[in-house]
Amino acid sequence: MSHLDDIPSTPGKFKMEKSPFIHNRLRWHWQSSLAKLSFWSFMFLAVILIFFFRSPSSNPNSQDPSRRSLRTYNWGGPAWEKRVRSSARVRSRNGFSVLVTGAAGFVGTHVSAALKKRGDGVLGLDNFNDYYDPSLKRARQALLERSGVFIVEGDINDSALLRKLFEVVAFTHVMHLAAQAGVRYAMENPGSYVHSNIAGFVSLLEVCKSANPQPAIVWASSSSVYGLNSKVPFSESDRTDQPASLYAATKKAGEEIAHTYNHIYGLSLTGLRFFTVYGPWGRPDMAYFFFTRDILKGKSIPIFEAANHGTVARDFTYIDDIVKGCLAALDTAKKSTGSGGKKKGPAQLRVYNLGNTSPVPVSELVRILERLLKIKVKRNIMKLPRNGDVQFTHANISLAQRELGYKPTTDLQAGLKKFVRWYLRFYSDGKKAAE
């Protein structure tokens with residue numbers, strides 16, 4: 001116990017003795033305490049300074065991939081503007097001019113290709129961060145360039161770039177697919193989710209609300225917003241206030257932000273809650289993708305179980321079905337009602353589930369891959385970790401069916417067959433993946 005604990009808390013009840021020994025002892029203890037206080041104050045200040053200088057927002061050379069593009073990509077100039085205009089030029093009667101954010105991503109690549117194929121003008125925007133292998137994104141970029149789609153390299157948080165794009169092209173629509181994806185990665189790099197999914201969305205909406213004319217916006221929400229909801233199947237009217245991950249929380253925040261900009265500025269906004277999208281050119285952090293890679297390498301595959309040996313299942317939705325839903329949302333989107341940042345009337349605000357309506361146990365996913373790859377799988381049964389993953393997802397798509405004409409047609413067996421065919425071809429029978 002410190003000698004300071006012996007001093008009464010009430011003033012006037014303790015008389016200090018004038019003994020030299022006591023005086024020197026107290027002076028020594030005060031000096032010692034002051035030294036300790038100075039030391040810990042210095043350490044605390046050092047920690048703050050280290051955190052500050054390592055912070056992505058203060059260090060332009062930060063290794064946070066979500067912010068890198070803000071200071072590293074060059075844009076502008078006559079040649080650049082010519083490419084932007086050419087890519088965004090509409091080539092069909094009554095076609096759209098669409099800005100696709102996240103165009104080098106999985107869904108973004110497929111949506112951009114589909115829009116271009118039907119004659120819409122398409123301009124991509126992507127920061128090519130390294131959340132997963134950027135070479136896959138570059139390969140998607142090359143695929144789109146062969147179709148005439150130019151992807152501008154830049155970040156959705158770069159307001160000057162966004163304003164420039166809207167100066168060069170009067171976009172009729174925005175397909176906003178740029179986001180920091182992944183449930184588990186949020187535990188490692190939470191800041192990247194706020195940066196991309198919240199700040200980035202606001203940055204985009206700020207530019208869109210001031211555009212004249214304002215574009216109609218379709219954007220990617222997520223089935224993750226249903227969080228701990230136990231009612232199945234998940235319907236758009238179900239509660240979404242119990243997110244199980246930071247990723248889910250940022251997507252839920254996005255839906256509230258969309259409501260705000262719709263209400264104040266008259267922006268037409270449609271949110272799409274995707275359910276476990278899979279297929280060729282997919283994301284390497286998704287289970288079907290890295291299961292395939294690890295099976296080819298002879299590694300064991302973790303199969304998670306919920307409490308009491310409960311089944312973990314997902315509403316796997318094939319990419320072609322998701323693309324049809326995205327295009328239908330664009331086609332049915334009404335015009336925004338604002339002009340120059342001022343609302344002139346009520347605007348459309350929608351949200352839809354895009355799923356397959358047929359949840360499949362993850363164990364069945366592994367069995368299908370086992371048959372397609374013709375390799376015996378080593379299974380490792382594990383408890384479902386507390387990292388933001390939920391036990392199951394199941395979409396009620398009746399609203400999307402009724403209003404968008406959305407009707408998924410690809411089951412998991414057929415979809416995985418197409419994915420495996422692409423994977424083996426892209427990675428040269430698994431050799432590139434093994435490297």
_N/O donor-acceptor pair under 3.5 Å between D120 side chain and F96 backbone_ = yes
*Look up atom CD1 in I397 and atom OG in S235, then write down how far apart they are to the nearest 0.5 Å.*
11.0 Å
*What pair of heavy atoms forms the shortest contact from V174 to C208, and how long is it?*
CG2-SG, 4.1 Å
*Would you please indicate yes or no on a ring centroid separation below 6.0 angstrom for H176 and F201?*
yes
*Could you tell me the separation between the CD1 atom of I301 and the CD atom of E370, rounded to the nearest 0.5 Å?*
10.0 Å
*Check step by step if salt bridge (charged side-chain N to carboxylate O under 4.0 Å, His left out) holds for R85 and E81.*
CA-CA 6 Å; R85 289 193 183 94; E81 290 187 18; 3.4 Å; yes
*Where do R91 and K116 come nearest, in terms of heavy atoms and distance?*
NE-NZ, 4.2 Å
*If you draw a 6.0 Å radius around NZ in K342, do more than 12 non-hydrogen atoms from other residues or ligands fall strictly inside?*
no
*Test side chain to side chain donor-acceptor pair (under 3.5 Å) on K344 and T337 and set out the steps.*
CA-CA 6 Å; K344 295 184 177 180; T337 62; over 6 Å; no
_Parallel, tilted or perpendicular, as decided by the 30° and 60° cut-offs, for the rings of Y427 and W422_ = perpendicular
*Using 30° and 60° as the class limits, which term best fits the ring planes of Y278 and Y288: parallel, tilted or perpendicular?*
perpendicular
*Will you find, in the side chains of D285 and Y131, an N or O donor that is under 3.5 Å from an N or O acceptor?*
yes
_Do K343 and Y265 form a cation-pi contact, if we require the NZ or CZ to be under 6.0 Å from the six-membered ring centre and within 45 degrees of the ring's axis?_
no
*Can a donor-acceptor pair be found between the side chains of K334 and S268 at a distance below 3.5 Å?*
no
*asked:* What verdict does the side chain to side chain donor-acceptor pair (under 3.5 Å) test give for T332 and R350, after you've listed the backbone C-alpha separation in whole Å, the side-chain angles of each residue and the deciding distance to 0.1 Å?
replied: CA-CA 11 Å; T332 57; R350 306 179 295 174; 2.9 Å; yes
_Working to the nearest 0.5 angstrom, can you tell me the gap between L123 CG and M175 CE?_
14.5 Å
*Could you walk me through whether W281 and F106 pass the ring pair (Phe, Tyr, Trp, His ring centres under 6.0 Å) test, one step at a time?*
CA-CA 6 Å; W281 298 97; F106 174 30; 9.8 Å; no
*Does NZ or CZ of K137 fall inside the cone over Y132's six-membered ring, less than 6.0 Å from its centre and within 45° of the axis?*
yes
*Nearest 0.5 Å please: distance from the CD atom of E206 over to the CZ atom of R163.*
10.0 Å
*Between the side chains of D315 and N356, is a donor N or O closer than 3.5 angstrom to an acceptor N or O?*
no
*Only one of E403, R273, E236 clears side-chain hydrogen bond (donor to acceptor under 3.5 Å, both in side chains) with Y352; which?*
E403
*Stepwise side chain to side chain contact (heavy atoms under 4.5 Å, CB included) check, L165 with V152*: CA-CA 9 Å; L165 293 177; V152 173; 4.2 Å; yes
*Between CG of L204 and CD1 of I156, what distance do you get to the nearest 0.5 Å?*
6.5 Å
*Could you grab the distance from atom CG of L365 to atom CZ of R367, nearest 0.5 Å is fine?*
10.0 Å
*Taking all non-hydrogen atoms of both residues, which atom of G355 and which atom of A395 are closest, and how far apart?*
CA-CB, 3.9 Å
*Is the Y423 ring parallel, tilted or perpendicular to the F289 ring (thresholds 30°, 60°)?*
perpendicular
_Pairing donors with acceptors under 3.5 angstrom, does anything connect the side chains of Y185 and Q180?_
no
*State whether the side chain of T250 and the backbone N or O of I198 hold a donor-acceptor pair below 3.5 Å, judged by distance alone.*
no
*Just say parallel, tilted or perpendicular for the rings of F166 and F171, cut-offs at 30° and 60°.*
perpendicular
*Relative to each other, are the rings of Y193 and Y247 parallel, tilted or perpendicular (30° and 60° limits)?*
perpendicular
*What pair of heavy atoms forms the shortest contact from G282 to L136, and how long is it?*
O-CD2, 3.4 Å
